[in-house]
> 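This is the structure, below, for whatever I ask next.
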Amino acid sequence: MSGAPLLEVRDLSVSFRTQDGTVHAVDGVSFTVNRGEVLGIVGESGSGKSVTAMTLMRLVLDQNAVFSGEVLFKGRDLMQLSQGDMLQVRGKQISMIFQDPMTSLNPVYRVGWQIDEQLRAHEGLSAKQARRRTLELLGAVGIPNPEARIDDYPHQFSGGMRQRVMIAMGLSCNPDVLIADEPTTALDVTIQAQILELIGNLQREFDSAVVLITHDLGVVAEVADRVAVMYAGRIVEYGEVGELFRGPQHPYTWGLLGSISRLDRPRQRRLAAISGQPPSLISLPAGCSFRPRCPFAFDRCRAERPALEARSRSGHLDACLLSPDQKQARRAATPEAS
């Protein structure tokens with residue numbers, strides 16, 4: 001993982017003008033992804049994960065959207081490319097598995113046609129060559145009897161099989177970067193494991209980078225190399241996956257970890273929950289956005305918006321004003337946060 005990052009996001013912000021005010025969906029997000037690396041982006045619903053992913057692909061086309069920042073892919077700023085130039089990047093060099101395959105697949109076209117259309121457009125294959133490659137892809141992602149299923153429509157597949165079709169489409173051109181937005185949502189644990197294995201195979205075989213967006217920290221622990229924790233449109237903790245799980249530095253991360261059932265501890269009657277609700281992205285609270293829900297907030301949290309920076313010897317970044325000693329003491333007094 002030496003040299004320049006394959007994908008570098010610098011101070012990306014996305015806001016939407018509405019009748020009620022400006023929605024700050026993504027607020028100064030920065031991260032890098034190296035070739036062969038898996039970056040996990042986690043957070044509650046509404047934290048800005050999917051808007052970030054859609055912006056990387058230049059798929060946020062709302063006329064009321066306002067963008068700032070840079071998205072550098074192989075040194076080129078994707079935010080400055082024309083839509084024509086983005087067509088050459090999207091699908092071939094950067095691909096995306098969307099959250100809901102039923103609404104992402106066109107219901108009036110056969111799944112085989114939807115995959116080989118991309119192969120013909122980006123790889124210049126003939127119809128016969130594209131169909132052969134599509135059959136290989138469907139078999140590779142575990143679709144049984146692909147020769148028969150290639151001409152089926154999306155509604156003829158189960159949820160897990162539709163997700164496999166989306167993965168086949170995403171992998172069809174061997175992209176440099178694969179963005180997977182909640183690829184295991186609503187799937188049972190067996191299918192979830194198979195989907196994650198397929199994504200891992202892509203990473204290993206083609207040395208691709210993967211941006212995995214999820215709310216499931218268990219998935220992140222299994223497959224990610226680094227983790228970005230998002231809250232209210234911002235990254236509040238960012239670092240190596242091992243460091244984050246061994247020594248989380250932000251109270252929000254403690255809350256996320258505390259909501260997971262642990263096999264190495266006595267069974268709890270009820271899992272810990274983060275109190276309150278995420279804030280409105282139109283009217284964020286003063287100071288730290290997590291302050292109204294944080295049991296450890298103090299006066300400075302109301303007056304100062306913490307920057308994402310290295311505050312401890314572990315080296316990873318967090319946006320919390322507590323000192324390292326204060327964090328250690330509070331985590332020790334809150335067992336579910338450790």
> Atom OG of Ser158 and atom CE of Met102: how far apart are they, to the nearest 0.5 Å?
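Going from the OG atom of Ser158 to the CE atom of Met102 covers 11.5 Å.
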> What are the two closest non-hydrogen atoms of Ser30 and Asp11, and how far apart are they?
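Heavy atoms of Ser30 and Asp11 come nearest at OG-N, 2.7 Å.
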> Does the distance from a Lys or Arg side-chain N to an Asp or Glu carboxylate O, for Asp85 and Arg76, drop under 4.0 Å?
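Not counted as a salt bridge, because no side-chain N and carboxylate O are separated by less than 4.0 Å.
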> Verify the neighbour count for atom CG of Asp299: are there more than 12 heavy atoms of other residues, nucleotides or ligands below 6.0 Å?
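Atom CG in Asp299 is not packed in, count stays at 12 or less.
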> Determine whether Phe16 and Val60 make a side-chain contact, defined as any pair of heavy atoms from C-beta on separated by less than 4.5 Å.
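Yes; the side chains approach each other to less than 4.5 Å.
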> Distance check, rounded to the nearest 0.5 Å: Ile179 atom CD1 versus Ser50 atom OG?
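Spacing of CD1 (Ile179) from OG (Ser50) equals 11.0 Å.
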> Indicate the atoms forming the closest heavy-atom contact of Arg305 with Arg234, along with that distance.
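Smallest interatomic distance, heavy atoms only, reads NH2-CD, 2.8 Å.
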> Is there side-chain contact between Val141 and Leu137, with heavy atoms separated by less than 4.5 Å?
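Contact flag for Val141/Leu137 side chains = no.
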> Between CG of Leu78 and CG of Leu7, what distance do you get to the nearest 0.5 Å?
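So the CG of Leu78 and the CG of Leu7 are separated by 7.0 Å.
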> Among Glu243, Glu240, His316, Glu37, which one satisfies side chain to side chain donor-acceptor pair (under 3.5 Å) with Arg226?
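Answer after filtering Glu243, Glu240, His316, Glu37: Glu37.
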> Is Asp77 reaching over with its side chain to a backbone N or O of Val71, donor-acceptor style, under 3.5 angstrom?
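Side chain of Asp77 to backbone of Val71: a pair is present.
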> Is there side-chain contact between Asp318 and Lys327, with heavy atoms separated by less than 4.5 Å?
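Side-chain contact under 4.5 Å: yes.
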> Does Thr55 reach the main-chain N or O of Arg58 with its side chain, forming a donor-acceptor pair under 3.5 Å?
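Side chain of Thr55 to backbone of Arg58: no pair is present.
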> For the residue pair Ser13 and Val66, establish whether any side-chain heavy-atom pair is separated by less than 4.5 Å.
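Contact flag for Ser13/Val66 side chains = no.
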> How far apart are the closest heavy atoms of Pro144 and Arg149, and which atoms are they?
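Here Pro144 and Arg149 meet closest at O-CG, 3.3 Å.
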> Just by distance, do the side chain of Gln156 and the backbone of Tyr153 share a donor-acceptor pair under 3.5 Å?
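Pair found, side chain donor or acceptor close to backbone of Tyr153.
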> By the definition side chain to side chain contact (heavy atoms under 4.5 Å, CB included), identify the one residue from Lys49, Glu182, Gln163 that meets it with Gln99.
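Answer to the side chain to side chain contact (heavy atoms under 4.5 Å, CB included) test with Gln99 among Lys49, Glu182, Gln163: Glu182.
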> If you look at every heavy atom in Cys288 and Pro285, which pair is closest and at what distance?
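Scanning both residues completely, I find the closest heavy atoms to be O-CG, 4.2 Å.
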> Between Glu237 and Gln249 (side chain of the first, backbone of the second, donor and acceptor by atom type, cut-off under 3.5 Å), is there such a pair?
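Judged by distance alone, yes, a pair lies under 3.5 Å.
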> Would you say the side-chain atoms of Thr214 pair up with the backbone N or O of Val42, donor to acceptor, closer than 3.5 Å?
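No; zero donor-acceptor contacts below 3.5 Å.
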> Minimum heavy-atom separation for Gly159 and Pro101, please, with both atom names.
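So the two residues come closest at O-CG, 4.3 Å.
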> Working note: Met54 + Val14, criterion side chain to side chain contact (heavy atoms under 4.5 Å, CB included); need CA distance, chi angles, decisive distance, verdict.
CA-CA 11 Å; Met54 297 286 281; Val14 184; over 6 Å; no
> Answer whether the closest heavy-atom distance between the side chains of Thr134 and Val111 falls below 4.5 Å.
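They are not in side-chain contact.
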> Mind running side chain to side chain contact (heavy atoms under 4.5 Å, CB included) on Val33 and Val177 for me, showing each step along the way?
CA-CA 9 Å; Val33 189; Val177 178; 5.8 Å; no
> Kindly indicate, with the supporting measurements, whether the criterion side chain to side chain contact (heavy atoms under 4.5 Å, CB included) is fulfilled by Ile274 and Leu256.
CA-CA 8 Å; Ile274 302 174; Leu256 294 178; 4.2 Å; yes
> Going from CZ on Arg330 to CG on Asp325, what distance comes out if it is rounded to the nearest 0.5 angstrom?
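Rounded to the nearest 0.5 Å, the CZ-CG separation comes to 10.5 Å.
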> Check the pair Ser47 / Glu44 against side chain to side chain donor-acceptor pair (under 3.5 Å), numbers first and verdict last.
CA-CA 6 Å; Ser47 61; Glu44 294 170 293; over 6 Å; no
> Between Asp181 and Phe98 (side chain of the first, backbone of the second, donor and acceptor by atom type, cut-off under 3.5 Å), is there such a pair?
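Judged by distance alone, no pair lies under 3.5 Å.
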> Would you indicate whether the side-chain heavy atoms of Leu12 and Phe31 approach each other to under 4.5 Å?
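Not touching, per the 4.5 Å side-chain cut-off.
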> Is it true that the NZ or CZ of Arg293 lies under 6.0 Å from the centre of Tyr252's six-membered ring and within 45 degrees of the ring axis?
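Output no; distance or angle outside limits.
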> Give, for atom CG of Asn201 and atom CG of Leu171, the distance between the pair rounded to the nearest 0.5 Å.
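It is 9.5 Å, given to the nearest 0.5 Å.
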> Near Gln83 CD, under 6.0 Å, is it more than 12 heavy atoms from other residues, nucleotides or ligands?
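Result for CD/Gln83: enclosed.
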> I need the minimum non-hydrogen distance between Leu244 and Leu257, along with the two atoms involved.
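Looking at all heavy atoms of both residues, the closest pair is O-CD1, 4.4 Å.
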> Decide yes or no for Phe157 and Ile143: does some side-chain heavy atom of the first lie under 4.5 Å from some side-chain heavy atom of the second?
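Touching, per the 4.5 Å side-chain cut-off.
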> Evaluate whether atom CZ of Arg302 has more than 12 neighbouring non-hydrogen atoms of other residues, nucleotides or ligands under 6.0 angstrom away.
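Atom CZ in Arg302 is not packed in, count stays at 12 or less.
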> Salt bridge check: are Arg162 and Asp100 linked by an N-O gap of less than 4.0 Å?
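So Arg162 does not pair with Asp100 through a salt bridge.
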> Taking only distance into account, with no hydrogens and no angle test, what donor-acceptor pairs under 3.5 Å do side-chain atoms of residues 114-125 form with protein atoms, sequence neighbours excluded?
unit_1, atom_1, unit_2, atom_2, d
Gln114, OE1, Asn106, N, 2.9
Gln114, NE2, Asn106, O, 2.9
Gln114, NE2, Tyr109, O, 2.9
Asp116, OD1, Arg120, NH1, 2.5
Gln118, NE2, Met169, O, 2.9
Gln118, NE2, Ser172, OG, 2.7
His122, NE2, Arg90, O, 3.1
Glu123, OE2, Lys92, NZ, 3.2

> With rounding to the nearest 0.5 Å, note down the distance linking CG in Asn145 to CG in Leu138.
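Nearest 0.5 Å value for the CG-CG distance: 10.5 Å.
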> State, with a plain yes or no, whether a side-chain heavy atom of Phe290 is found less than 4.5 Å away from one of His250.
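Yes, side chains in contact.
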